Amino acid sequence: MKKVLAMLPLVLLSVTGQALAAGAEPTVKDAIQAVDALWVIVAFALVFLMQAGFALLEAGATRMKNAGHIAGKNVLSFGITTLVFWAIGFAITFGSGNSFMGSSGWFLNVADEQVNEVFASLAWTDTPLAAKFLFQVVFAGVSLAIFWGGIAERSKLIVYFVFGAIFIALIYPIVGHWIWGGGWLAAHGKQDFAGSTVVHLTGATAALVGAMLLGPRIGKYNKDGSVNVIPGHNMVYSVLGVIILWFGWFGFNAGSTMAANGTFFPYVALTTNLAAAAGAVAALLTVWAVLGKPDISYMLNGVLAALVAITASCAFVKPWAAVVIGAVAGILMVFSYLFFDRVVKVDDPVGAFSVHGVAGIWGTLSTGFFAAPDLVEKLGVGKPGLFYGGGFHQLGVQAMGVASVFAFVFIASFIVLYLLKVTVGIRISREEEIIGLDVSEHGTSGYPEQLPNGGTYTKAEAL
């Protein structure tokens with residue numbers, strides 16, 4: 001933050017120099033635009049750092065033999081996201097079109113004077129188009145990263161390329177357009193400030209489909225239906241990953257104000273932090289009561305579930321409600337994870353659907369209960385919640401949004417992944433899974449000193 005503050009005079013000098021070069025005196029508006037643009041880029045950097053958090057969290061929560069693959073796929077995933085979202089996804093999400101999808105602004109090839117016309121849904125912020133794109137592309141990257149967590153340790157690399165490209169080109173952008181791009185849910189007043197539905201429920205629903213079609217990892221379930229715990233190889237990695245994600249979430253939520261002017265973005269950061277703290281404590285106490293041990297992994301997922309839940313409501317609710325929303329999310333996550341793992345028997349190695357899906361649903365619905373009238377008026381989206389005398393209207397809109405997004409993403413993801421399954425296949429062989437993805441897919445181990453020959457093999461040698 002000190003570096004950011006040190007940069008501020010340079011930004012202001014740059015704006016002044018540009019204004020003078022253009023033969024005009026710099027104005028207060030010029031200075032505000034410069035500061036807002038700087039804040040959006042800082043927020044972009046914070047959310048981008050979340051990729052490192054996902055890499056550590058997921059690698060730590062899975063086995064050593066897959067660590068390099070799982071961490072490295074975050075780099076590949078964001079590379080695919082950036083290129084596809086630049087070419088197609090941003091236009092479908094925010095471009096002018098119809099209530100279903102955008103259809104203009106491909107490759108960001110828009111003249112400066114037409115930006116607010118082509119991307120009318122983002123005209124409320126005066127930041128440059130490049131800043132808007134950078135901030136939104138990291139959101140898309142987070143949604144895709146959620147999907148990979150649910151299919152960890154048994155998916156072919158080709159799935160990353162094909163499904164990843166389709167997800168970022170069509171599935172995620174269509175949902176984004178419905179809610180953020182002026183689509184039909186936006187017209188109904190759907191409240192989703194930073195993406196409990198758009199980012200988290202979308203990625204989690206795709207992860208659920210992927211986990212179902214792939215089937216469980218070898219050794220996860222016994223013939224009699226009993227469940228075997230497959231522990232991750234490094235809890236410290238997972239803890240560090242969650243801390244980085246928590247830190248990055250301040251860019252995720254507070255950055256969604258897209259403005260540093262005024263006092264609103266610190267307020268959003270406050271509600272975000274309160275919810276995360278409540279989620280950590282509530283999840284740990286809940287799992288302690290249910291399983292008899294205060295399992296650290298559940299506490300970590302409790303933090304993330306609370307952050308997911310408050311993402312929709314962070315700008316709409318009071319601090320006390322943020323604590324309630326976070327605590328409920330942590331509790332729901334524990335029971336949801338146990339339900340899917342032990343009853344439904346869907347092998348989701350990092351609990352992607354429980355953390356991002358179930359908590360995303362709760363967070364989306366929560367504004368229907370807790371949206372405060374003064375904050376709703378300030379934001380100009382939807383109506384107050386049930387507990388403030390707003391009736392069931394907003395809760396109904398939120399529920400409609402959850403149901404429609406879940407159904408669309410589930411069906412679209414199922415079609416794409418099923419077609420991949422019956423053509424090129426989506427799951428590695430039994431032998432490759434036993435050896436581990438590091439060696440079988442990439443020819444080298446994430447921990448080479450632990451294996452003969454420095455952990456480097458050809459695929460034939462590995463098998």
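Because the structure is a prediction, the values reported are computed rather than measured. One is the number of the first residue; the rest follow in order along the sequence.
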**Message:** Under the side-chain contact (heavy atoms from CB on, under 4.5 Å) test against L208, which residue among V409, V346, D348 passes?
**Reply:** V346

**Separation of Q51 CD from S77 OG (nearest 0.5 Å)** = 6.0 Å

**Asked** How many angstroms lie between atom OG of S297 and atom CG of L284, to the nearest 0.5 angstrom?
**Response** 10.0 Å

**Request:** Indicate whether the side chain of W246 and that of N273 have a donor and an acceptor atom separated by less than 3.5 Å.
**Result:** yes

**Asked** Looking only at heavy atoms, what is the nearest atom pair of I151 and A207, with distance?
**Response** CG2-O, 4.4 Å

**Message:** Set out, in order, the CA-CA distance, both residues' side-chain angles and the distance that settles side-chain contact (heavy atoms from CB on, under 4.5 Å) for K220 and V227, then state yes or no.
**Reply:** CA-CA 6 Å; K220 176 62 180 176; V227 182; 4.0 Å; yes

**Message:** Under a 3.5 Å distance rule, please check whether N222 uses its side chain to pair with a backbone N or O of D224 as donor and acceptor.
**Reply:** no

**Message:** Would you say that more than 12 heavy atoms from the other residues, nucleotides or ligands in this model lie under 6.0 Å from the OH of Y221, or not?
**Reply:** yes

**Message:** So does F100 get a backbone contact from the side chain of W178, meaning a donor-acceptor N/O pair under 3.5 Å?
**Reply:** yes

**Asked** So, H200 versus W249, ring centres under 6.0 angstrom or not?
**Response** yes

**Asked** Just by modelled atom types, is the G225 backbone N or O under 3.5 Å from a matching donor or acceptor in the K345 side chain?
**Response** yes

**Message:** If you compare all heavy atoms of T271 against all heavy atoms of C314, which two are closest, and at what distance to 0.1 Å?
**Reply:** OG1-O, 2.9 Å

**Message:** Determine whether a donor-acceptor pair (N or O, by modelled atom type, separation under 3.5 Å) exists between the side chain of E153 and the backbone of N66.
**Reply:** no

**Prompt:** P173 versus I88: any side-chain heavy-atom pair under 4.5 Å?
**Reply:** no

**Asked** Any side-chain heavy atom of P319 within less than 4.5 Å of one from Y267?
**Response** yes

**Prompt:** Which atoms form the tightest heavy-atom contact between T125 and M258, and what is the distance?
**Reply:** OG1-O, 3.5 Å

**Item:** Check: V355 main-chain N/O paired with N301 side-chain donor or acceptor under 3.5 Å
**Value:** no

**Request:** Return yes if some donor-acceptor pair links the side-chain N/O of Q191 with the main-chain N/O of S313 below 3.5 Å, else return no.
**Result:** no

**Message:** Nearest 0.5 Å, please: how far is CG in L185 from NE2 in H177?
**Reply:** 10.5 Å

**Message:** Taking the ring of F90 and the ring of F107, is the distance between their centroids below 6.0 Å?
**Reply:** no

**Request:** For residues V405 and T364, determine if any side-chain heavy atom of one lies less than 4.5 Å from a side-chain heavy atom of the other.
**Result:** no

**Residue pair Q398, T367: steps toward the side-chain hydrogen bond (donor to acceptor under 3.5 Å, both in side chains) verdict** = CA-CA 8 Å; Q398 300 300 100; T367 66; 2.9 Å; yes

**Prompt:** Below 4.5 Å, heavy atoms only, C-beta onward: do F44 and V40 meet side chain to side chain?
**Reply:** no

**Request:** Please report the closest heavy-atom contact between A322 and V317, naming both atoms and the distance.
**Result:** N-CG2, 4.2 Å

**Prompt:** Where the side chain of R154 meets the backbone of R427, is there a donor-acceptor pair that is under 3.5 Å apart?
**Reply:** no

**Request:** Apply side-chain contact (heavy atoms from CB on, under 4.5 Å) to the pair F252 and V142, showing each step before the final yes or no.
**Result:** CA-CA 10 Å; F252 206 99; V142 167; 4.0 Å; yes

**Asked** Which heavy atom of V424 sits nearest a heavy atom of K156, and at what distance?
**Response** O-NZ, 2.9 Å

**Request:** Kindly indicate whether the side chain of L379, heavy atoms from C-beta on, has any atom under 4.5 Å from the side chain of F193.
**Result:** yes

**Request:** State the CZ-CD1 distance between F408 and I174, to the nearest 0.5 angstrom.
**Result:** 4.0 Å

**Prompt:** Would you call E433 and R217 a salt bridge, using N to O less than 4.0 angstrom?
**Reply:** no

**Request:** Pick out which of L240, V239, L245 makes a side-chain contact (heavy atoms from CB on, under 4.5 Å) with L56.
**Result:** L240

**Message:** Quick one, S196 and W362 - any side-chain contact, counting heavy atoms below 4.5 Å?
**Reply:** no

**Message:** Before you tell me yes or no, could you show the steps for T202 and S143 under side-chain hydrogen bond (donor to acceptor under 3.5 Å, both in side chains), namely the whole-Å CA-CA distance, both residues' side-chain angles and the distance that decides it to 0.1 Å?
**Reply:** CA-CA 7 Å; T202 300; S143 192; 5.2 Å; no

**Message:** Is it the case that atom CZ in F247 sees more than 12 heavy atoms from other parts of the structure closer than 6.0 Å?
**Reply:** no

**Complete:** Result for ring pair (Phe, Tyr, Trp, His ring centres under 6.0 Å) between Y298 and one of Y337, W288, F335 points to Y337

**Prompt:** When you look at I92 and W106, which way does the side-chain contact (heavy atoms from CB on, under 4.5 Å) test go after all the steps?
**Reply:** CA-CA 8 Å; I92 292 177; W106 312 108; 3.8 Å; yes

**Asked** Quick one: CG on L108 to NZ on K132, what's the gap to the nearest 0.5 Å?
**Response** 11.5 Å

**Asked** Relative to each other, are the rings of F94 and W180 parallel, tilted or perpendicular (30° and 60° limits)?
**Response** parallel

**Prompt:** Please walk me through it: do Y172 and L144 pass side-chain contact (heavy atoms from CB on, under 4.5 Å)?
**Reply:** CA-CA 9 Å; Y172 174 87; L144 185 56; over 6 Å; no

**Request:** Of all the heavy-atom pairs spanning V308 and A359, show the shortest one and how long it is.
**Result:** CG1-C, 3.9 Å

**Fill in**
Interatomic distance, OG1@T197 vs CG@D192, rounded to 0.5 Å, equals 4.0 Å

**Prompt:** Can you tell me if T127 uses its side chain to pair, donor with acceptor, with the backbone of A37 under 3.5 Å?
**Reply:** no

**Asked** Between W148 and F54, is the gap from one ring center to the other below 6.0 Å?
**Response** no

**Asked** Do the ring planes of F414 and F410 sit parallel (below 30°), tilted (30 to 60°) or perpendicular (above 60°)?
**Response** parallel

**Request:** Taking atom NE2 of H233 as the centre, report whether more than 12 heavy atoms of other residues, nucleotides or ligands fall under 6.0 Å from it.
**Result:** yes

**Asked** Is there a donor-acceptor pair under 3.5 Å between the side chain of S336 and the backbone N or O of M333?
**Response** no

**Request:** State, yes or no, whether a side-chain contact exists between S413 and I171 at a heavy-atom distance under 4.5 Å.
**Result:** yes

**Asked** Do L157 and H442 come close enough that some side-chain heavy atom pair is under 4.5 Å?
**Response** yes

**Prompt:** Which word best sums up how the rings of F353 and F340 line up, parallel for under 30°, tilted for 30 to 60°, or perpendicular for over 60°?
**Reply:** perpendicular

